[in-house]
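Reading through the structure tokens given below for one structure.
All chains are named by letter (A, B, ...) in the order of the sequence lines, taking the proteins before the strands, and each is independently numbered beginning at 1.
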Number of protein chains: 2
Amino acid sequence: MKQDGAGVDLDTSLGYLLKEASSALRTAMEEVLRPLGMSVTHYSCLELLAQRPGLSNSELARGAFVTRQTMNVLLQALERDGYVIRPAEAPVGKVLPTRLTPRGRRSLAKATVAVRSVESRMLGGMSEAERAESFRALRGMIRALRGEDRT
Amino acid sequence: MKQDGAGVDLDTSLGYLLKEASSALRTAMEEVLRPLGMSVTHYSCLELLAQRPGLSNSELARGAFVTRQTMNVLLQALERDGYVIRPAEAPVGKVLPTRLTPRGRRSLAKATVAVRSVESRMLGGMSEAERAESFRALRGMIRALRGEDRT
DNA sequence: GAATCTATGTCAGACTGCTGACATGAAGCA
DNA sequence: TGCTTCATGTCAGCAGTCTGACATAGATTC
């Protein structure tokens, strides 16, 4: 039933499987974050700021894989609700370094517990060697897709 | 600089890497499909129909990882533009089996060439064994995330 | 056979993220 | 110094996707 000549066979397509895995991960994260009133991008933003305080809007956008316009909208809401702070004036250039407030940190702490449970479930039955192998494979795909192809 | 106790370390998080890979794949596909005036979901729908003719709206939605409402909107547009056909009345129940028209097949043919180039680029330097390993790893993640955890 | 449950197709409204556009500051180059 | 290029922050408009809701058909249960 497989039309090898006609299309990309979905059952053996690594791209399709990657999309499936990503979709499953996203769904699982949304499930645990919803009770906290937080979206995946929302969480990603807070997590990035916790690990790298002072990131700018554009840097956060790249880290969360959205456009800087999208991140800007999110940051304005987070700032309005007191989860993050940005200086009114840029210390240098136009770049506004963003930081978590204590409230933002508390909010993140709850979310982290939820997200960690998903991640550990995903790592489930994988051995340490298998995790390392998956890591290597995904990194390879990313590098190839971005055209950093060193033949 | 890594706060191991505080959060999920992004640099060593398989979830984050999975999201990154998926984002890179999506971007690459959008790039090659845009000139054809086609979105990723649009393409997924046609590809699914080519491989499994007669799929219903809900089945297509599951295959493309969107809701059936979203797929319904897309199908109406595709039907209006003559890429697919659905019977006016359901042969059985409410399920409307969908099929590609010749026009839809031609459109898909062009897209397939583009998508295949992305996929082969992604597989890039991977050996056959590495591909199999990646496959196995992704399947494991999906199964674990969906809670089909057979201890 | 009737009641309940489940799945489907569809409509409407809301939200999220994206593209396009603009002004501004920094960095490199003539 | 002036010019070009690039990155940034931000606003506005648009497309895609989602949630909520409803009616209906099949399957299940009693």
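Atom-to-atom, NZ of B:K94 to C1' of D:dA27 comes out at 15 Å; the value is rounded to the nearest Å. Nucleotide D:dC11 holds its C1' atom 9 Å from the CD atom of A:Q76, rounded to whole Å. A:N72 has its CG atom 13 Å from the C1' atom of D:dA12, to the nearest Å. What separates CD of B:Q69 from P of D:dT17 is a distance of 13 Å, to the nearest Å. Residue B:E89 contributes atom CD, which lies 10 Å from atom P of D:dA25 at whole-angstrom precision. Counting to the nearest Å, the P atom of D:dG9 and the CZ atom of A:R86 are 8 Å from each other. Atom CZ of B:R68 is separated from atom C1' of D:dT19 by 11 Å (rounded to the nearest Å).
No donor-acceptor pair closer than 3.5 Å links the side chain of B:S56 to the backbone N or O of B:P97. The main-chain N or O of A:K19 is never found under 3.5 Å from a side-chain atom of A:S23 such that the two would form a donor-acceptor pair.
For the pair A:M38 and A:L46, the minimum side-chain heavy-atom distance is below 4.5 Å. The shortest distance between side-chain heavy atoms of B:L78 and B:C45 falls below 4.5 Å.
Using a 4.0 Å heavy-atom criterion, one finds that A:S39 contacts no nucleic acid atom at all. In this structure, A:L74 reaches neither bases nor backbone, as no heavy-atom distance under 4.0 Å exists between it and the strands shown.
Look at A:R146 and B:E20 and you find a salt bridge, because one of the NZ, NE, NH1 or NH2 atoms lies within 4.0 Å of a carboxylate O, short of that distance. Ion pairing between a basic and an acidic side chain is recognised when a charged N comes within 4.0 Å of a carboxylate O; B:E119 and B:R116 show no such pairing. The pair B:E59-B:R52 does not meet the salt-bridge criterion, since no charged nitrogen lies less than 4.0 angstrom from a carboxylate oxygen.
If you take OH on A:Y43 and CG on A:L108, they are separated by 6.5 Å, rounding to the nearest 0.5 Å.
Taking side-chain N and O atoms only, A:R62 has a distance below 4.0 Å to OP1 or OP2 of D:dT8.
A donor atom on one side chain and an acceptor atom on the other are found under 3.5 Å apart for A:T70 and A:T67.
Taking the six-membered ring where the residue is Trp, B:F65 and A:Y16 present tilted rings, their angle falling between 30° and 60°.
Think of the region where chain A sits on DNA chain C: with heavy atoms and a 4.0 Å cut, that region ends 5' and 3' at C:dG17 to C:dA26.
Residues A:V113 and A:L49 fall into different hydrophobic clusters, defined by Ile, Leu, Val, Met, Phe, Trp and Tyr side chains chained together at heavy-atom separations under 4.5 Å. If you chain together hydrophobic residues whose side chains sit under 4.5 Å apart, A:V84 and A:L96 never meet in one group.
Of the residues in residues 27-38 of chain A, those lying under 4.0 Å from DNA chain D by heavy-atom distance are A:R34.
The residue among B:E59 and A:T70 whose nearest nucleotide of DNA chain C lies closer to the 5′ end is B:E59. Residue whose closest nucleotide on DNA chain C sits further toward the 5' end, between A:G93 and A:T41: A:T41.
At its two ends the helix from C:dG1-D:dC30 to C:dA30-D:dT1 runs along axes set 40° apart, each axis drawn from five pairs and the angle rounded to 10°.
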